[in-house]
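To start, the structure under review is shown below, and the notes come after it.
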Amino acid sequence: MVKPKKHLGQHFLTDQNIAERTAILVNKSNVENVLEIGPGKGILTKHLLKQPNKIIHAIEIDTESSEYLQENGILQKPFLIEGDFLQLQISKLFDKEFILIGNFPYNISSQIIFKMLENRNLIPLMGGMFQKEVAVRIASKEGSKEYGILSVLVQAFYDVKIEFKISPGAFFPPPKVDSAVISCIRKSDYKLDCNEKLLFEVVKTAFNQRRKTLLNSLSKFNLKEVFLSHPFAKLRPETLSVNQFIELTKFIESEKV
Ligand code: SAM
């Protein structure tokens with residue numbers, strides 16, 4: 001028995017059809033190594049193990065779940081790792097590319113996304129189940145109120161698609177929110193022609209004061225007066241496309257005093 005633990009975001013999927021539809025997303029890439037975050041009682045893991053030419057690894061923080069997976073012959077060490085994905089030193093586990101997948105614990109969704117972005121050189125594909133609002137934020141385009149830090153930074157490197165939505169009844173215990181599965185396929189030209197670290201800083205700074213014009217929100221970059229006449233200066237961050245943020249980053253790089 002695994003008693004669902006709220007602090008670990010444990011809402012176990014009970015719908016086999018949804019588990020299968022999520023698992024087959026790994027076939028969008030021919031990379032063989034797969035890392036599932038939070039296998040829980042293994043409903044998704046079992047479907048992942050059926051996919052051809054894939055080697056399934058999973059990391060689970062909850063020892064009760066990890067014991068369940070081993071006792072029921074679903075996944076064994078060393079493919080099953082007991083630990084916290086957020087603390088995992090990815091380069092120690094994989095020296096080549098791998099696919100990231102999971103019905104993610106919703107309380108650490110953003111941290112999972114940022115860790116994926118940090119390790120984007122090794123992650124050509126991610127398939128993930130999120131709270132629907134988070135999935136929509138990741139996939140949103142400029143001009144919408146959901147468009148923000150996650151949208152720009154993920155879409156700078158990945159093509160994002162909302163695959164399908166899921167209602168609370170597909171889980172035990174049912175969460176209070178709807179869910180959605182997204183896929184993120186890394187772009188072929190994912191090395192940007194701007195300072196990537198600066199891009200993260202610009203995007204975060206701009207959206208942290210999203211009601212202000214960029215002229216005001218980006219004042220900490222000490223831009224020369226020339227920014228006053230820049231076409232983006234009087235705009236709010238949600239109106240800029242990903243490419244325009246890259247353009248802005250290049251401008252900031254060249255005009256910083
Ligand atoms: N994959 C299972 C399913 O679909 O039924 C469980 C999904 S449940 C929403 C999230 C799982 O992530 C839980 O098993 C939880 O213990 C695990 N988890 C939570 N935080 C974690 C972390 N930091 N690292 C690894 N696993 C974590």
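As the structure lists them, so they are numbered: ligands from 1, and atoms in each ligand from 1.
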Legend entry - From the candidates E64, Q10, H47, the one that places a heavy atom nearest atom 13 (C) of ligand 1: Q10
Inset, instruction - Just need the protein heavy atom nearest to atom 2 (C) of ligand 1, so name the residue and atom and give the distance. - result: P39 O, 3.3 Å
Legend entry - Element-labelled atoms of ligand 1 that are located less than 4.0 Å from some non-hydrogen atom of D84: 22 (C), 23 (N), 24 (N)
Inset, instruction - Test K41 against E60 for salt bridge (Lys or Arg N to Asp or Glu O under 4.0 Å), laying out the working first. - result: CA-CA 10 Å; K41 295 200 286 178; E60 175 56 66; over 6 Å; no
Inset, instruction - Examine the side chains of Y106 and S179 and answer whether a donor and an acceptor come within less than 3.5 Å of each other. - result: yes
Inset, instruction - Please state which part of T45 comes within less than 4.0 Å of ligand 1, counting heavy atoms only: side chain, backbone, both or neither. - result: neither
Legend entry - atom 3 (C) of ligand 1: nearest protein contact (heavy atom, Å): N103 ND2, 3.5 Å
Legend entry - Flag for E97-N33: side-chain donor and acceptor within less than 3.5 Å: no
Legend entry - Numbered atoms of ligand 1 (with element) below 4.0 Å of I59, judged on heavy atoms: 25 (C), 26 (N)
Inset, instruction - Please could you name the atoms of ligand 1 that G9 approaches to less than 4.0 Å, counting only its heavy atoms? - result: 8 (S), 9 (C), 10 (C)
Inset, instruction - Looking only at protein heavy atoms, identify the closest one to atom 17 (C) of ligand 1 and say how far it is in Å. - result: E60 OE2, 3.4 Å
Inset, instruction - Would you give the length of the straight line joining atom CG of L153 to atom CD1 of I149, rounded to the nearest 0.5 angstrom? - result: 7.0 Å
Legend entry - Shortest protein heavy-atom distance from atom 20 (N) of ligand 1, along with the residue and atom involved: P105 CG, 3.6 Å
Inset, instruction - Report yes or no: does a heavy atom of M129 sit under 4.0 Å from some atom of ligand 1? - result: no
Inset, instruction - Output the list of atoms in ligand 1 that are nearer than 4.0 Å to some heavy atom of G40, sorted by atom number. - result: 6 (C), 14 (O)
Inset, instruction - Just need the protein heavy atom nearest to atom 5 (O) of ligand 1, so name the residue and atom and give the distance. - result: L13 N, 2.8 Å
Legend entry - Step-by-step side chain to side chain donor-acceptor pair (under 3.5 Å) determination, N216 to Q209: CA-CA 9 Å; N216 289 322; Q209 295 181 295; over 6 Å; no
Legend entry - Heavy atom of the protein closest to atom 6 (C) of ligand 1 (residue, atom name, distance): G38 O, 3.4 Å
Inset, instruction - Calculate, to the nearest 0.5 Å, the distance between atoms NE2 and CZ belonging to H57 and F79 respectively. - result: 6.0 Å
Inset, instruction - Apply side chain to side chain donor-acceptor pair (under 3.5 Å) to the pair Q10 and D62, showing each step before the final yes or no. - result: CA-CA 10 Å; Q10 288 184 341; D62 177 32; 2.9 Å; yes
Inset, instruction - Compute whether any side-chain donor of one residue and acceptor of the other, for E142 and S241, lie under 3.5 angstrom apart. - result: no
Legend entry - Closest to atom 27 (C) of ligand 1 (judged by heavy-atom distance), picking from I61, I101, L69: I61
Legend entry - Interfacing atoms of ligand 1 (cut-off 4.0 Å, heavy-atom, E36): 1 (N)
Legend entry - Side-chain donor-acceptor pair present, K187, Q155, cut-off under 3.5 Å: no
Inset, instruction - Working to the nearest 0.5 Å, report the span between OH of Y190 and CD of E196. - result: 9.5 Å
Legend entry - Closest protein heavy atom to atom 19 (C) of ligand 1, given as residue, atom name and distance to 0.1 Å: L8 O, 3.2 Å
Inset, instruction - Report, in ascending order of atom number, the atoms of ligand 1 lying under 4.0 Å from any heavy atom of F85. - result: 22 (C), 23 (N), 24 (N), 25 (C)
Inset, instruction - Could you list which atoms of ligand 1 come closer than 4.0 Å to a heavy atom of I43? - result: 3 (C), 4 (O), 5 (O)
Inset, instruction - Starting from the C-alpha separation in whole Å, work towards a yes-or-no answer on side chain to side chain donor-acceptor pair (under 3.5 Å) for E163 and S183. - result: CA-CA 7 Å; E163 297 284 346; S183 63; 2.7 Å; yes
Legend entry - Pair F227 and F251, ring centroids less than 6.0 Å apart: yes
Inset, instruction - Below 4.0 angstrom from a heavy atom of G83, which ligand 1 atoms are there? Numbered from 1 as shown, please. - result: 24 (N), 25 (C)
